[in-house]
Amino acid sequence: MKTYPMQREKTCPFAPPPEYQELRDTEPISRVRLYDGRKAWLFTRYEDIRAVLAHPAVSAETLNPDFPFLTPGDKISKQAQSFQRWDDPRHATRRRMLMPFFTIKRIRAMRPRIREMIDDIYARMLAIGPPLDLVEHLALALPSSVACDLLGVDYETHEFFESRFAVRLDRRSTAEQVQAANTEVRAFVDDVVRSKYGANKPDLIGQFVTQHVETGEVSHEDAVTDAVLLLLAGHETTANMIALGTLALLEHPDQLALIRKDPTTVPNAVEELLRFLTISQSMGVRIAADDFEIAGQPIAAGDGLILPVAAGNWDDSVFSHPEQFDVTREARGHITFGFGPHVCLGQPLARLELEEVFSTLFDRFPGLRVDLPPDEVPFKFDAVFYGLHRLPIVWDEKESA
Ligand code: HEM
(Lines give C-alpha, C1' and ligand atoms only; values in the text may rest on other atoms or scores of the structure.)
Protein backbone atom coordinates (compact mmCIF):
# COMPACT_ATOMS: atom_id res chain seq x y z
CA MET A 1 0.00 0.00 0.00
CA LYS A 2 1.34 3.44 -0.94
CA THR A 3 1.79 6.31 1.49
CA TYR A 4 0.10 9.68 0.92
CA PRO A 5 1.04 12.49 0.23
CA MET A 6 3.31 11.49 -2.63
CA GLN A 7 6.12 13.77 -3.81
CA ARG A 8 6.73 15.40 -7.16
CA GLU A 9 9.98 14.25 -8.77
CA LYS A 10 12.98 16.59 -8.78
CA THR A 11 13.83 15.46 -12.31
CA CYS A 12 10.37 16.47 -13.59
CA PRO A 13 9.32 19.26 -11.24
CA PHE A 14 6.31 20.58 -13.20
CA ALA A 15 4.61 17.18 -13.22
CA PRO A 16 2.42 15.80 -10.43
CA PRO A 17 3.78 12.80 -8.48
CA PRO A 18 4.33 9.96 -11.01
CA GLU A 19 2.36 7.51 -8.81
CA TYR A 20 -0.89 9.21 -9.89
CA GLN A 21 -0.45 8.03 -13.48
CA GLU A 22 0.68 4.59 -12.36
CA LEU A 23 -2.39 4.17 -10.12
CA ARG A 24 -4.77 5.58 -12.71
CA ASP A 25 -3.62 2.80 -15.06
CA THR A 26 -3.73 -0.02 -12.49
CA GLU A 27 -5.98 0.85 -9.53
CA PRO A 28 -7.68 4.25 -9.99
CA ILE A 29 -9.45 4.03 -6.64
CA SER A 30 -6.88 2.68 -4.21
CA ARG A 31 -6.14 2.52 -0.49
CA VAL A 32 -3.29 4.66 0.84
CA ARG A 33 -1.72 5.00 4.26
CA LEU A 34 -1.51 8.41 5.98
CA TYR A 35 1.16 9.74 8.38
CA ASP A 36 -0.77 8.58 11.46
CA GLY A 37 -1.23 5.02 10.17
CA ARG A 38 -4.83 5.57 9.09
CA LYS A 39 -6.01 4.54 5.66
CA ALA A 40 -7.96 6.50 3.05
CA TRP A 41 -9.22 6.15 -0.52
CA LEU A 42 -7.10 7.89 -3.17
CA PHE A 43 -8.83 8.78 -6.45
CA THR A 44 -6.75 9.47 -9.55
CA ARG A 45 -9.30 9.70 -12.41
CA TYR A 46 -10.70 13.08 -13.45
CA GLU A 47 -14.32 11.86 -13.59
CA ASP A 48 -14.17 10.13 -10.19
CA ILE A 49 -12.52 13.13 -8.50
CA ARG A 50 -15.25 15.46 -9.79
CA ALA A 51 -18.02 13.01 -8.91
CA VAL A 52 -16.77 12.59 -5.34
CA LEU A 53 -16.18 16.31 -4.76
CA ALA A 54 -19.79 16.98 -5.80
CA HIS A 55 -21.36 13.94 -4.09
CA PRO A 56 -24.07 14.68 -1.49
CA ALA A 57 -22.77 11.90 0.81
CA VAL A 58 -19.35 13.58 1.01
CA SER A 59 -18.41 15.94 3.85
CA ALA A 60 -15.71 18.59 4.39
CA GLU A 61 -16.24 18.68 8.18
CA THR A 62 -12.81 18.42 9.78
CA LEU A 63 -14.22 17.99 13.31
CA ASN A 64 -15.34 14.50 12.29
CA PRO A 65 -12.98 12.26 14.34
CA ASP A 66 -12.27 10.10 11.26
CA PHE A 67 -11.24 13.01 8.99
CA PRO A 68 -8.06 12.08 7.06
CA PHE A 69 -5.42 14.69 7.89
CA LEU A 70 -2.19 14.67 5.88
CA THR A 71 0.29 15.93 8.47
CA PRO A 72 0.12 16.97 12.16
CA GLY A 73 0.17 20.63 11.03
CA ASP A 74 -2.60 19.99 8.51
CA LYS A 75 -4.81 18.84 11.38
CA ILE A 76 -4.24 22.06 13.33
CA SER A 77 -4.84 24.27 10.26
CA LYS A 78 -7.95 22.50 9.04
CA GLN A 79 -9.53 22.33 12.46
CA ALA A 80 -9.48 26.13 12.49
CA GLN A 81 -12.97 25.64 11.01
CA SER A 82 -13.56 28.36 8.49
CA PHE A 83 -16.71 27.92 6.39
CA GLN A 84 -14.50 25.96 3.96
CA ARG A 85 -14.69 23.12 6.50
CA TRP A 86 -18.45 23.22 6.88
CA ASP A 87 -21.11 21.31 4.94
CA ASP A 88 -24.27 22.66 3.39
CA PRO A 89 -26.63 24.15 4.36
CA ARG A 90 -24.55 26.24 6.80
CA HIS A 91 -21.61 26.34 4.34
CA ALA A 92 -23.89 27.57 1.52
CA THR A 93 -25.41 30.25 3.73
CA ARG A 94 -21.99 31.71 4.60
CA ARG A 95 -20.72 31.34 1.03
CA ARG A 96 -23.75 33.30 -0.23
CA MET A 97 -22.80 36.18 2.10
CA LEU A 98 -19.33 36.32 0.54
CA MET A 99 -20.24 35.70 -3.09
CA PRO A 100 -21.25 39.30 -3.90
CA PHE A 101 -17.60 40.34 -3.31
CA PHE A 102 -16.34 37.87 -5.92
CA THR A 103 -18.76 38.24 -8.83
CA ILE A 104 -17.10 38.50 -12.24
CA LYS A 105 -18.52 42.01 -12.63
CA ARG A 106 -17.12 43.20 -9.30
CA ILE A 107 -13.74 41.61 -9.92
CA ARG A 108 -13.49 43.04 -13.45
CA ALA A 109 -14.06 46.48 -11.96
CA MET A 110 -10.79 45.94 -10.05
CA ARG A 111 -8.78 45.70 -13.29
CA PRO A 112 -7.65 49.39 -13.45
CA ARG A 113 -6.59 49.30 -9.78
CA ILE A 114 -4.67 46.04 -10.33
CA ARG A 115 -2.96 47.54 -13.39
CA GLU A 116 -1.84 50.49 -11.26
CA MET A 117 -0.47 48.13 -8.63
CA ILE A 118 1.43 46.16 -11.27
CA ASP A 119 2.87 49.38 -12.73
CA ASP A 120 4.09 50.44 -9.28
CA ILE A 121 5.60 47.02 -8.66
CA TYR A 122 7.38 47.03 -12.05
CA ALA A 123 8.68 50.56 -11.38
CA ARG A 124 10.16 49.37 -8.07
CA MET A 125 11.73 46.32 -9.75
CA LEU A 126 13.25 48.48 -12.50
CA ALA A 127 14.60 50.91 -9.91
CA ILE A 128 16.26 48.08 -7.97
CA GLY A 129 17.61 46.56 -11.19
CA PRO A 130 18.76 43.01 -11.86
CA PRO A 131 19.34 40.59 -10.26
CA LEU A 132 16.31 40.36 -8.00
CA ASP A 133 14.04 37.73 -6.54
CA LEU A 134 10.82 37.59 -8.54
CA VAL A 135 9.01 35.74 -5.73
CA GLU A 136 9.53 38.55 -3.24
CA HIS A 137 9.27 41.53 -5.56
CA LEU A 138 6.40 40.45 -7.81
CA ALA A 139 4.86 37.03 -7.13
CA LEU A 140 4.12 37.75 -3.47
CA ALA A 141 3.96 41.55 -3.72
CA LEU A 142 1.04 41.67 -6.17
CA PRO A 143 -1.42 39.17 -4.61
CA SER A 144 -0.58 40.46 -1.13
CA SER A 145 -1.29 44.06 -2.19
CA VAL A 146 -4.51 42.99 -3.94
CA ALA A 147 -5.68 40.92 -0.96
CA CYS A 148 -4.95 43.80 1.44
CA ASP A 149 -6.78 46.25 -0.80
CA LEU A 150 -9.80 43.97 -1.21
CA LEU A 151 -10.08 42.96 2.44
CA GLY A 152 -9.09 46.27 4.03
CA VAL A 153 -5.82 45.19 5.66
CA ASP A 154 -2.83 47.55 5.93
CA TYR A 155 -0.22 46.40 3.34
CA GLU A 156 2.58 47.52 5.67
CA THR A 157 1.81 44.38 7.70
CA HIS A 158 2.44 41.97 4.79
CA GLU A 159 5.78 40.62 6.02
CA PHE A 160 4.17 39.66 9.32
CA PHE A 161 1.28 37.65 7.88
CA GLU A 162 3.25 36.21 4.94
CA SER A 163 5.85 34.73 7.29
CA ARG A 164 3.20 33.18 9.58
CA PHE A 165 1.27 31.73 6.65
CA ALA A 166 4.52 30.27 5.26
CA VAL A 167 4.85 28.18 8.45
CA ARG A 168 1.25 27.07 8.19
CA LEU A 169 1.68 26.00 4.58
CA ASP A 170 4.93 24.07 5.07
CA ARG A 171 4.06 20.37 5.34
CA ARG A 172 7.23 19.88 7.42
CA SER A 173 6.05 22.29 10.19
CA THR A 174 5.23 20.64 13.52
CA ALA A 175 1.79 20.91 15.10
CA GLU A 176 3.26 23.33 17.69
CA GLN A 177 4.77 25.60 15.01
CA VAL A 178 1.48 25.71 13.09
CA GLN A 179 -0.45 26.36 16.29
CA ALA A 180 1.85 29.28 17.21
CA ALA A 181 1.62 30.79 13.70
CA ASN A 182 -2.18 30.42 13.71
CA THR A 183 -2.50 32.09 17.10
CA GLU A 184 -0.44 35.08 15.97
CA VAL A 185 -2.29 35.52 12.68
CA ARG A 186 -5.63 35.17 14.41
CA ALA A 187 -4.78 37.86 16.97
CA PHE A 188 -3.71 40.14 14.13
CA VAL A 189 -6.88 39.56 12.07
CA ASP A 190 -9.00 39.90 15.22
CA ASP A 191 -7.68 43.47 15.54
CA VAL A 192 -8.43 44.13 11.86
CA VAL A 193 -12.04 42.94 12.27
CA ARG A 194 -12.48 45.02 15.46
CA SER A 195 -11.23 48.13 13.65
CA LYS A 196 -14.22 47.86 11.25
CA TYR A 197 -16.96 48.07 13.91
CA GLY A 198 -19.16 51.15 13.61
CA ALA A 199 -17.12 52.37 10.63
CA ASN A 200 -19.07 51.08 7.58
CA LYS A 201 -15.76 50.74 5.72
CA PRO A 202 -16.06 49.99 1.96
CA ASP A 203 -13.62 47.05 1.95
CA LEU A 204 -14.72 43.39 2.17
CA ILE A 205 -14.11 42.88 5.89
CA GLY A 206 -15.68 46.28 6.62
CA GLN A 207 -18.80 45.50 4.61
CA PHE A 208 -19.02 41.97 6.01
CA VAL A 209 -18.90 43.39 9.55
CA THR A 210 -21.55 46.02 8.76
CA GLN A 211 -23.87 43.66 6.90
CA HIS A 212 -23.53 40.43 8.89
CA VAL A 213 -21.61 40.83 12.16
CA GLU A 214 -23.11 44.02 13.55
CA THR A 215 -26.57 42.66 12.70
CA GLY A 216 -25.87 39.62 14.92
CA GLU A 217 -26.11 37.16 12.03
CA VAL A 218 -22.42 36.08 12.20
CA SER A 219 -20.33 35.94 15.39
CA HIS A 220 -17.15 37.98 15.75
CA GLU A 221 -15.14 34.73 16.13
CA ASP A 222 -16.51 33.29 12.89
CA ALA A 223 -15.84 36.53 11.04
CA VAL A 224 -12.20 36.40 12.19
CA THR A 225 -11.83 32.75 11.08
CA ASP A 226 -13.22 33.49 7.62
CA ALA A 227 -11.12 36.65 7.25
CA VAL A 228 -7.99 34.59 8.03
CA LEU A 229 -8.98 32.14 5.28
CA LEU A 230 -9.56 34.93 2.76
CA LEU A 231 -6.24 36.62 3.56
CA LEU A 232 -4.38 33.32 3.20
CA ALA A 233 -6.21 32.07 0.10
CA GLY A 234 -6.04 35.49 -1.48
CA HIS A 235 -2.29 35.79 -1.68
CA GLU A 236 -0.35 32.54 -1.29
CA THR A 237 -2.12 30.63 -4.11
CA THR A 238 -1.81 33.31 -6.79
CA ALA A 239 1.76 34.07 -5.67
CA ASN A 240 2.83 30.51 -6.38
CA MET A 241 1.11 30.58 -9.77
CA ILE A 242 2.94 33.78 -10.77
CA ALA A 243 6.37 32.42 -9.81
CA LEU A 244 5.92 28.93 -11.21
CA GLY A 245 4.07 30.22 -14.28
CA THR A 246 6.94 32.59 -15.11
CA LEU A 247 9.41 29.72 -14.87
CA ALA A 248 7.21 27.41 -16.99
CA LEU A 249 6.93 30.05 -19.73
CA LEU A 250 10.67 30.74 -19.68
CA GLU A 251 11.35 27.01 -19.98
CA HIS A 252 8.95 26.73 -22.95
CA PRO A 253 10.12 29.62 -25.19
CA ASP A 254 7.93 28.47 -28.12
CA GLN A 255 4.82 28.84 -25.93
CA LEU A 256 6.01 32.18 -24.54
CA ALA A 257 6.53 33.42 -28.10
CA LEU A 258 2.91 32.54 -28.93
CA ILE A 259 1.44 34.65 -26.13
CA ARG A 260 3.81 37.54 -26.80
CA LYS A 261 2.86 37.55 -30.45
CA ASP A 262 -0.87 37.59 -29.72
CA PRO A 263 -1.81 38.88 -26.24
CA THR A 264 -5.46 37.83 -26.77
CA THR A 265 -4.21 34.27 -26.18
CA VAL A 266 -3.12 35.08 -22.61
CA PRO A 267 -6.43 34.08 -20.89
CA ASN A 268 -6.23 30.64 -22.51
CA ALA A 269 -2.56 30.35 -21.59
CA VAL A 270 -3.50 31.12 -17.97
CA GLU A 271 -5.97 28.19 -18.00
CA GLU A 272 -3.27 25.91 -19.35
CA LEU A 273 -0.79 27.14 -16.72
CA LEU A 274 -3.40 26.45 -14.03
CA ARG A 275 -3.92 22.91 -15.40
CA PHE A 276 -0.30 22.09 -16.15
CA LEU A 277 1.12 23.31 -12.84
CA THR A 278 -1.84 22.51 -10.50
CA ILE A 279 -0.31 24.16 -7.46
CA SER A 280 -3.00 22.84 -5.05
CA GLN A 281 -1.07 19.87 -3.67
CA SER A 282 -3.02 19.10 -0.49
CA MET A 283 -6.51 20.31 -1.26
CA GLY A 284 -9.52 18.16 -2.00
CA VAL A 285 -9.61 16.01 1.14
CA ARG A 286 -12.97 14.83 2.44
CA ILE A 287 -14.77 12.22 4.52
CA ALA A 288 -17.75 10.02 3.60
CA ALA A 289 -20.76 11.05 5.69
CA ASP A 290 -22.86 8.12 4.42
CA ASP A 291 -22.29 4.89 2.52
CA PHE A 292 -22.18 5.35 -1.26
CA GLU A 293 -20.76 3.78 -4.38
CA ILE A 294 -18.52 5.32 -6.99
CA ALA A 295 -17.44 3.65 -10.24
CA GLY A 296 -18.44 0.30 -8.73
CA GLN A 297 -16.40 0.83 -5.55
CA PRO A 298 -18.41 0.79 -2.31
CA ILE A 299 -17.38 3.53 0.13
CA ALA A 300 -18.44 3.34 3.80
CA ALA A 301 -19.48 6.22 6.05
CA GLY A 302 -16.37 7.41 7.92
CA ASP A 303 -13.93 6.54 5.09
CA GLY A 304 -11.32 9.18 4.28
CA LEU A 305 -11.32 10.45 0.69
CA ILE A 306 -8.38 12.04 -1.11
CA LEU A 307 -9.11 13.85 -4.36
CA PRO A 308 -5.86 15.30 -5.71
CA VAL A 309 -6.88 17.77 -8.39
CA ALA A 310 -3.42 17.45 -9.97
CA ALA A 311 -4.18 13.80 -10.78
CA GLY A 312 -7.40 14.82 -12.54
CA ASN A 313 -5.66 17.58 -14.49
CA TRP A 314 -3.12 15.10 -15.88
CA ASP A 315 -5.67 12.39 -16.75
CA ASP A 316 -4.82 11.63 -20.36
CA SER A 317 -8.35 10.45 -21.16
CA VAL A 318 -9.45 14.08 -20.68
CA PHE A 319 -6.35 16.13 -21.54
CA SER A 320 -4.36 14.38 -24.28
CA HIS A 321 -0.61 14.39 -23.70
CA PRO A 322 -1.06 16.15 -20.35
CA GLU A 323 2.74 16.42 -19.99
CA GLN A 324 2.80 18.82 -22.95
CA PHE A 325 2.48 22.46 -21.96
CA ASP A 326 0.36 23.79 -24.80
CA VAL A 327 -1.09 27.30 -24.43
CA THR A 328 -3.44 26.67 -27.35
CA ARG A 329 -5.19 23.63 -25.86
CA GLU A 330 -8.74 23.75 -24.47
CA ALA A 331 -7.83 23.57 -20.78
CA ARG A 332 -10.82 25.31 -19.18
CA GLY A 333 -12.25 22.05 -17.84
CA HIS A 334 -9.33 21.76 -15.39
CA ILE A 335 -10.12 21.31 -11.70
CA THR A 336 -7.30 23.40 -10.22
CA PHE A 337 -9.93 25.50 -8.43
CA GLY A 338 -11.67 22.38 -7.12
CA PHE A 339 -15.18 21.26 -8.01
CA GLY A 340 -18.58 21.06 -6.36
CA PRO A 341 -19.90 23.15 -3.46
CA HIS A 342 -16.43 24.24 -2.28
CA VAL A 343 -15.10 25.30 -5.68
CA CYS A 344 -12.77 28.29 -5.27
CA LEU A 345 -14.57 31.51 -4.48
CA GLY A 346 -11.65 33.69 -5.53
CA GLN A 347 -11.09 32.23 -9.02
CA PRO A 348 -12.13 35.35 -11.00
CA LEU A 349 -9.63 37.39 -8.98
CA ALA A 350 -6.82 34.86 -9.43
CA ARG A 351 -7.47 34.75 -13.18
CA LEU A 352 -7.46 38.54 -13.47
CA GLU A 353 -4.14 38.90 -11.63
CA LEU A 354 -2.51 36.14 -13.68
CA GLU A 355 -3.74 37.56 -16.99
CA GLU A 356 -2.48 41.03 -16.14
CA VAL A 357 0.96 39.76 -15.12
CA PHE A 358 1.54 37.38 -18.02
CA SER A 359 0.40 39.91 -20.62
CA THR A 360 2.90 42.55 -19.43
CA LEU A 361 5.88 40.99 -17.61
CA PHE A 362 7.91 39.82 -20.62
CA ASP A 363 7.51 43.12 -22.48
CA ARG A 364 8.47 45.26 -19.52
CA PHE A 365 11.52 43.11 -18.74
CA PRO A 366 13.05 42.21 -22.12
CA GLY A 367 15.41 39.27 -22.10
CA LEU A 368 13.98 38.14 -18.74
CA ARG A 369 15.77 34.99 -17.63
CA VAL A 370 16.45 32.92 -14.54
CA ASP A 371 19.72 33.71 -12.79
CA LEU A 372 20.32 30.18 -11.45
CA PRO A 373 21.41 26.85 -12.96
CA PRO A 374 18.19 24.81 -13.61
CA ASP A 375 19.04 22.19 -10.98
CA GLU A 376 19.32 24.86 -8.27
CA VAL A 377 15.80 26.33 -8.65
CA PRO A 378 14.21 25.83 -5.20
CA PHE A 379 10.82 24.17 -5.73
CA LYS A 380 8.41 23.90 -2.80
CA PHE A 381 8.18 20.11 -2.76
CA ASP A 382 6.86 20.09 0.80
CA ALA A 383 4.29 22.86 0.68
CA VAL A 384 0.51 22.78 0.69
CA PHE A 385 0.66 24.97 -2.43
CA TYR A 386 3.40 24.05 -4.88
CA GLY A 387 5.60 26.87 -6.11
CA LEU A 388 9.07 28.35 -5.72
CA HIS A 389 10.84 29.58 -2.62
CA ARG A 390 12.65 32.16 -4.75
CA LEU A 391 13.32 32.89 -8.40
CA PRO A 392 16.35 35.11 -9.02
CA ILE A 393 15.95 36.87 -12.37
CA VAL A 394 17.93 39.20 -14.62
CA TRP A 395 16.92 41.09 -17.77
CA ASP A 396 18.42 43.40 -20.41
CA GLU A 397 18.38 46.76 -18.69
CA LYS A 398 19.09 48.96 -21.71
CA GLU A 399 15.93 47.77 -23.44
CA SER A 400 13.55 47.82 -20.45
CA ALA A 401 10.93 50.57 -20.42
C1 HEM B 1 -4.40 30.39 -8.46
C2 HEM B 1 -5.00 30.70 -7.34
C3 HEM B 1 -5.93 29.81 -6.56
C4 HEM B 1 -6.05 28.44 -6.54
C5 HEM B 1 -5.24 27.42 -7.33
C6 HEM B 1 -7.11 28.12 -5.60
C7 HEM B 1 -7.55 26.81 -5.33
C8 HEM B 1 -8.63 26.51 -4.54
C9 HEM B 1 -9.19 25.17 -4.39
C10 HEM B 1 -8.64 23.90 -5.02
C11 HEM B 1 -10.25 25.27 -3.56
C12 HEM B 1 -11.18 24.12 -3.11
C13 HEM B 1 -10.62 23.41 -1.94
C14 HEM B 1 -11.40 22.14 -1.58
O15 HEM B 1 -12.29 21.71 -2.31
O16 HEM B 1 -11.09 21.57 -0.53
C17 HEM B 1 -10.39 26.66 -3.17
C18 HEM B 1 -11.33 27.15 -2.30
C19 HEM B 1 -11.37 28.46 -1.90
N20 HEM B 1 -10.62 29.52 -2.39
FE21 HEM B 1 -9.19 29.42 -3.80
N22 HEM B 1 -7.59 29.27 -5.06
C23 HEM B 1 -6.92 30.33 -5.62
C24 HEM B 1 -7.11 31.67 -5.37
C25 HEM B 1 -8.00 32.17 -4.45
C26 HEM B 1 -8.19 33.57 -4.17
C27 HEM B 1 -7.46 34.73 -4.86
C28 HEM B 1 -9.14 33.64 -3.17
C29 HEM B 1 -9.73 34.83 -2.44
C30 HEM B 1 -9.38 36.03 -2.41
C31 HEM B 1 -9.56 32.29 -2.86
C32 HEM B 1 -10.51 31.93 -1.92
C33 HEM B 1 -11.00 30.66 -1.73
C34 HEM B 1 -12.05 30.34 -0.76
C35 HEM B 1 -12.74 31.32 0.17
C36 HEM B 1 -12.29 28.96 -0.86
C37 HEM B 1 -13.28 28.12 -0.06
C38 HEM B 1 -14.60 28.03 -0.79
C39 HEM B 1 -15.62 27.16 -0.10
O40 HEM B 1 -15.26 26.29 0.71
O41 HEM B 1 -16.81 27.34 -0.38
N42 HEM B 1 -8.84 31.43 -3.66
N43 HEM B 1 -9.39 27.40 -3.80
Side-chain angles (χ1 to χ4, degrees), residues 43 49-50 52-55 58-62 67-68 70 74 77-78 80-99 101-103 106-107 110 114 139 142-153 165 169 203-205 208 225-245 270-271 273-287 305-313 334-355 357-358 383-387:
F43 296 79
I49 292 171
R50 286 187 2 148
V52 175
L53 284 172
H55 201 287
V58 166
S59 163
E61 292 270 359
T62 45
F67 196 89
L70 305 184
D74 182 49
S77 298
K78 288 195 176 136
Q81 281 293 295
S82 67
F83 77 103
Q84 193 184 6
R85 311 294 167 203
W86 294 354
D87 290 336
D88 291 346
R90 69 173 178 152
H91 159 263
T93 306
R94 179 63 51 83
R95 193 176 156 107
R96 264 197 302 276
M97 292 177 193
L98 289 164
M99 259 158 43
F101 299 100
F102 292 98
T103 59
R106 191 126 171 199
I107 297 298
M110 292 173 71
I114 289 177
L142 176 67
S144 269
S145 313
V146 173
C148 286
D149 204 63
L150 173 76
L151 298 175
V153 173
F165 283 138
L169 294 173
D203 51 74
L204 190 158
I205 299 180
F208 191 78
T225 309
D226 290 342
V228 171
L229 166 70
L230 289 172
L231 186 58
L232 169 69
H235 84 276
E236 180 68 40
T237 47
T238 315
N240 284 307
M241 271 306 300
I242 292 174
L244 208 55
V270 165
E271 298 308 319
L273 282 168
L274 286 162
R275 180 202 70 82
F276 183 67
L277 301 170
T278 318
I279 57 149
S280 328
Q281 308 213 92
S282 300
M283 293 168 112
V285 180
R286 302 286 194 270
I287 183 155
L305 310 168
I306 301 190
L307 301 313
V309 286
N313 283 341
H334 68 74
I335 46 174
T336 301
F337 291 118
F339 191 74
H342 292 275
V343 69
C344 180
L345 195 60
Q347 49 181 303
L349 181 56
R351 286 194 164 102
L352 175 60
E353 290 179 52
L354 295 172
E355 283 169 26
V357 167
F358 293 127
V384 171
F385 297 115
Y386 192 55

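Order of appearance sets the numbers: ligands from 1, and atoms from 1 within every ligand.
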Checklist outcome for this item: Of Val343, Leu349, Leu345, the one forming a side chain to side chain contact (heavy atoms under 4.5 Å, CB included) with Gln347 is Val343
Checklist entry - Got Met110 and Val146 here, is their nearest side-chain heavy-atom distance under 4.5 Å? => result yes
Item to check | Heavy-atom pair with the smallest gap, counting every atom of Thr237 and Ala233 | outcome: OG1-O, 2.6 Å
Checklist entry - Nearest non-hydrogen atom to atom 28 (C) of ligand 1 belongs to which of Gly338, Ala239, Gly346, Gly340? => result Gly346
Next on the checklist: Give the atom numbers and elements of ligand 1 that come within less than 4.0 Å of a heavy atom of Arg95.
Outcome noted: 38 (C), 39 (C), 41 (O)
Next on the checklist: Suppose I only count heavy atoms of Thr336 and a 4.0 Å limit; which atoms of ligand 1 are within that range?
Outcome noted: 5 (C), 7 (C), 10 (C)
Checklist outcome for this item: Looking only at heavy atoms, the pair that brings Phe385 and Gln281 closest together is C-CG, 4.3 Å
Item to check | Residue Met283 vicinity, atoms of ligand 1 by number, heavy atom under 4.0 Å | outcome: 8 (C), 9 (C), 10 (C), 11 (C), 13 (C), 17 (C), 43 (N)
Next on the checklist: Donor-acceptor pair, distance only, cut-off 3.5 Å: does the side chain of Asn313 make one with the backbone of Phe276?
Outcome noted: no
Item to check | Student check: side-chain heavy atoms of Phe83 and Leu98 closer than 4.5 Å | outcome: yes
Checklist outcome for this item: Contact region, His91 to ligand 1, non-hydrogen atoms below 4.0 Å, reads side chain
Item to check | Side-chain touch Phe165/His235, heavy atoms, less than 4.5 angstrom | outcome: yes
Item to check | ligand 1 to Arg286 polar contact by distance, N or O atoms, under 3.5 Å | outcome: yes
Checklist entry - What are the atoms of ligand 1, with element, lying closer than 4.0 Å to any heavy atom of Leu230? => result 35 (C)
Item to check | Atoms in ligand 1 flagged as close to Pro341, the criterion being non-hydrogen separation under 4.0 Å | outcome: 41 (O)
Checklist entry - Aromatic rings His91 and His342: how do their planes relate, parallel, tilted or perpendicular, breaks at 30° and 60°? => result tilted
Next on the checklist: Please list the nearest protein heavy atom to atom 25 (C) of ligand 1 with its residue and the distance rounded to 0.1 Å.
Outcome noted: Ala233 O, 3.4 Å
Checklist entry - Which of the atoms in ligand 1, numbered in the order shown and given with their element, are less than 4.0 Å from a heavy-atom of Met241? => result 1 (C)
Checklist entry - Which one of Gly234, Ala92, Ala350 has a non-hydrogen atom at the shortest distance from atom 30 (C) of ligand 1? => result Gly234
Checklist entry - What protein heavy atom is closest to atom 24 (C) of ligand 1, reported as residue, atom name and distance in Å? => result Thr237 OG1, 3.2 Å
Checklist entry - Phe385: heavy atom below 4.0 Å from ligand 1, yes or no? => result no
Item to check | Proximity of Gln84 to ligand 1 by residue part, where a heavy atom lies under 4.0 Å | outcome: both
Next on the checklist: Within the structure, is a non-hydrogen atom of Phe339 found at a distance of less than 4.0 Å from ligand 1?
Outcome noted: no
Checklist outcome for this item: Of Ser280, Gly245, Cys344, Gly284, the one whose closest heavy atom lies nearest atom 43 (N) of ligand 1 is Cys344
Next on the checklist: Between Ser280 and Thr336 (side chain of the first, backbone of the second, donor and acceptor by atom type, cut-off under 3.5 Å), is there such a pair?
Outcome noted: yes
Checklist entry - Should Leu354 and Leu274 count as side-chain neighbours, where that means a heavy-atom distance under 4.5 Å? => result yes
Item to check | Residue-ligand contact Arg85/ligand 1, heavy atom below 4.0 Å | outcome: no
Item to check | Nearest protein heavy atom with distance in Å, relative to atom 36 (C) of ligand 1 | outcome: Leu345 N, 4.1 Å
Checklist entry - For atom 6 (C) of ligand 1, what is the nearest protein heavy atom, given as residue, atom name and distance? => result Phe337 CD2, 3.7 Å
Next on the checklist: Is it the case that the side chain of Arg286 and the backbone of Leu305 share a donor-acceptor pair, with hydrogens and angles ignored and the cut-off at 3.5 Å?
Outcome noted: no
Item to check | Thr238 side chain to Pro143 backbone, donor-acceptor under 3.5 Å | outcome: no
Checklist entry - Should Phe102 and Leu150 count as side-chain neighbours, where that means a heavy-atom distance under 4.5 Å? => result yes
Checklist entry - Against heavy atoms of Phe83, which atoms of ligand 1 measure under 4.0 Å? => result 35 (C), 39 (C), 41 (O)
Checklist entry - What protein heavy atom sits nearest atom 12 (C) of ligand 1, and how far away is it? => result His342 O, 3.4 Å
